[in-house]
Novice: 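Okay, handing you the structure first.
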Amino acid sequence: MTPIDLVLPQSQARRALLLLLAAAAILAMAWTFQLAGFRPCELCFKERYAFYAGAPVAALTAWLASRSAHGLARALFVLLALIFLANAGLAFYHVGVEQRWWPGPSSCTGALTAPLDVKDLAKAANAQPVVRCDEVALRLFGLSLAGWDVLVSVAMALYAALAARLAR
C-alpha cells in the first residue's frame, strides 16, 4: 500500500470514511477549543453546520458505496463537495469580518447598542456576553480559526469532488 492509497483509497466507501473522519476531527477540535475557554462567536457556530451535515452524509455515502450503489455514492460526494464549498465561502466571509474588509452580522460586530427599556436591560444583564465576530480569539501559525476553516473546507470540497469523479 502506497501513501497515495492511504490518502486516496481505491474504494468509494473508504474515501467517504476519510471525509467522515475529517468532519468528526474538525468538530472534536472545535469542541476542545470551546472546552479550553475559547468561546465561539455566532459565525463560528454557523461554520460548524457543514461538518454536522457532512458527517452523516459521508457515513451514508460510505454505506451506499459498500452496498454497490456507486451512482448514489457519487451523487452524495457531489453534495459533500457543495456543502464544504459553501462552508468555505462562509468561513471566508468570517475572515473578511475579522480583517474588517466588510461588516459582519450586527448581532456580533460593530458598536453594541444600549437596551431600549427596563425589560431589555434586565434581559441583557442576565444574558451571556456577546462574543464578537470581528475579533480573532485565537491564531494558529498566523491564521485565525476562520482562516483554517477556509483551508480545511476547500480541501474537503476538492477531495469530495475528486472522489465523485474517480471510478469505484
Novice: Can you tell me how far apart CG (Leu145) and CD1 (Ile26) are? Round to the nearest 0.5 Å.
Specialist: 10.0 Å
Novice: Same cluster or not: are Leu17 and Leu19 linked, directly or through other Ile, Leu, Val, Met, Phe, Trp or Tyr residues, by side-chain heavy atoms under 4.5 angstrom apart?
Specialist: no
Novice: Taking Trp63's backbone N and O only, do any of them form a donor-acceptor pair with Ser66's side chain (distance below 3.5 Å, no angle check)?
Specialist: yes
Novice: Do Leu35 and Phe38 land in one hydrophobic cluster if side-chain heavy atoms of ILVMFWY residues count as linked below 4.5 Å?
Specialist: no
Novice: In terms of ring plane angle, is the pair Phe92 and Trp101 parallel, tilted or perpendicular, where the classes change at 30° and 60°?
Specialist: tilted
Novice: Compare every heavy atom of Ala81 with every heavy atom of Ala160, then report the nearest pair and how far apart it is.
Specialist: CB-N, 3.6 Å
Novice: Test side chain to side chain contact (heavy atoms under 4.5 Å, CB included) on Glu42 and Val131; report intermediate values, then the result.
Specialist: CA-CA 7 Å; Glu42 177 185 332; Val131 178; over 6 Å; no
Novice: Got a second to check how far Leu90's CG is from Asp149's CG, nearest 0.5 Å?
Specialist: 7.5 Å
Novice: How close do Ala164 and Phe77 get, counting heavy atoms only, and between which atoms?
Specialist: CB-CB, 3.6 Å
Novice: Kindly give the heavy-atom pair with the smallest separation between Val97 and Asp134, and that separation in Å.
Specialist: O-CB, 3.6 Å
Novice: First locate atom CG of Leu79, then atom OG1 of Thr61, and finally report the distance between them rounded to the nearest 0.5 Å.
Specialist: 7.5 Å
Novice: Give a yes or no on whether Leu18 and Ile83 share a hydrophobic cluster (residues Ile, Leu, Val, Met, Phe, Trp, Tyr; joining criterion: side-chain heavy atoms under 4.5 Å apart).
Specialist: yes
Novice: Does Arg165 offer a backbone N or O that forms a donor-acceptor pair with the side chain of Arg74 under 3.5 Å?
Specialist: yes
Novice: Closest approach of His94 and Cys133, non-hydrogen atoms and distance?
Specialist: NE2-O, 3.4 Å
Novice: Of all heavy-atom pairs between Ser144 and Val136, which one has the smallest distance, and what is that distance?
Specialist: CB-CG1, 3.7 Å
Novice: Provide the closest heavy-atom pair for His70 versus Ala65 in the form atom of the first, atom of the second, distance.
Specialist: CE1-O, 3.5 Å
Novice: Atom CD in Gln34, atom SG in Cys44: separation rounded to 0.5 Å?
Specialist: 9.5 Å
Novice: How many angstroms lie between CE in Met29 and CH2 in Trp148, if you round to the nearest 0.5 Å?
Specialist: 9.0 Å
Novice: Between Phe51 and Trp31 (judged by ring centroids, cut-off 6.0 Å), do the two rings come close enough to count as a pair?
Specialist: no
Novice: Got a second to check how far Arg15's CZ is from Leu162's CG, nearest 0.5 Å?
Specialist: 7.5 Å
Novice: Would a hydrophobic clustering, with Ile, Leu, Val, Met, Phe, Trp and Tyr connected at side-chain separations under 4.5 Å, put Tyr159 with Leu60?
Specialist: yes
